[in-house]
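Please read the structure below before turning to the comments.
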Amino acid sequence: MATGGRNTTFSIIGSDVVITGNIAASVDLHVDGQVEGDLTCAALVQGEGSRITGAITAESARLAGRVEGSINAKLLVVERSARITGDVSYDNLTIEPGAQVDGRFTQRDKATDLHLVTDNMDHSVAG
């Protein structure tokens with residue numbers, strides 16, 4: 001476990017680590033390795049070379065690697081390097097150009113906005 005600049009606590013799963021089993025963390029989690037199991041945490045940051053096989057539940061998630069499983073997050077950012085196979089449930093969603101998602105999208109709160117990012121331009125669409 002480490003502490004960030006704002007005195008927040010987070011855990012890191014390094015690129016050389018493979019975890020088989022479910023993970024539940026009350027802190028923020030940074031995953032660069034592989035997780036084979038369900039993952040629940042406050043905020044998730046997934047590195048480009050990582051793989052998560054299982055359901056993800058988080059208040060916020062920034063995904064850049066491979067995910068095979070469902071995703072449930074209030075705030076979800078899918079980076080251009082992300083490759084997701086599974087259904088996505090969100091309140092606020094940003095998908096960068098080049099990201100690949102194979103699954104269904106379900107907006108949890110109909111009053112939130114959808115943000116489409118294209119070449120440094122943010123196009124907001126009221127939900």
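Taking 4.5 Å as the limit, every side-chain heavy atom of Thr20 sits out of range of all side-chain heavy atoms of Val35. Side-chain contact check for Ile23 versus Leu29: some heavy-atom pair is nearer than 4.5 Å. Within the 4.5 Å cutoff, no side-chain heavy atoms of Val31 are placed close to those of Ile19. Considering only heavy atoms from C-beta on, Arg62 comes within 4.5 Å of Glu79 through its side chain. Within the 4.5 Å cutoff, no side-chain heavy atoms of Arg66 are placed close to those of Ser50. Looking only at side-chain heavy atoms (C-beta outward), Glu68 and Ile52 stay at 4.5 Å or farther from each other. Between Arg108 and Asn72, the closest side-chain pair of non-hydrogen atoms falls below 4.5 Å. No side-chain heavy atom of Phe105 sits less than 4.5 Å from a side-chain heavy atom of Leu76.
Counting only distance, with no hydrogens or angles, the side chain of Gln46 and the backbone of Gly65 share a donor-acceptor pair below 3.5 Å. Here the side chain of Asp38 pairs a donor or acceptor atom with the backbone of Ala55 at under 3.5 angstrom. The backbone N or O of Ala82 sits nowhere less than 3.5 Å from a side-chain atom of Gln100 that would complete a donor-acceptor pair. Under the 3.5 Å distance criterion, the side-chain polar atoms of Asp32 are left unmatched by any main-chain donor or acceptor of Ile13.
Under 4.0 Å is where a charged nitrogen must lie from a carboxylate oxygen, and between Lys74 and Asp91 no such pair does.
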For a side chain to side chain contact (heavy atoms under 4.5 Å, CB included) check, start with the C-alpha distance between Asn22 and Thr40, then their side-chain angles and the critical distance, and finish with the verdict. CA-CA 8 Å; Asn22 297 336; Thr40 302; over 6 Å; no
I would like to know whether Thr106 and Asp87 meet side chain to side chain contact (heavy atoms under 4.5 Å, CB included); could you show each step before the answer? CA-CA 8 Å; Thr106 304; Asp87 294 340; over 6 Å; no
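Note: the hydrophobic cluster containing Val101 also contains Leu63 (ILVMFWY, side chain heavy atoms under 4.5 Å, direct or indirect links). Grouping the Ile, Leu, Val, Met, Phe, Trp and Tyr side chains by contacts below 4.5 angstrom, directly or via other members, places Ile84 with Tyr90. Ile56 and Leu93 fall within a single hydrophobic cluster, where Ile, Leu, Val, Met, Phe, Trp and Tyr side chains are chained together by heavy-atom contacts under 4.5 Å. Val67 and Val17 fall within a single hydrophobic cluster, where Ile, Leu, Val, Met, Phe, Trp and Tyr are joined by side-chain heavy atoms under 4.5 Å apart, directly or via other members.
Checked by atom type, the side-chain pair Asp28/His30 shows no donor-acceptor distance below 3.5 Å.
Summarising the geometry, atom CZ belonging to Arg104 is positioned 10.0 Å from atom OG belonging to Ser89; distances are rounded to the nearest 0.5 Å.
Taking both residues in full, the closest heavy atoms of Ala64 and Ser81 are given as O-OG, 2.7 Å, listed atom of the first, atom of the second, then distance.
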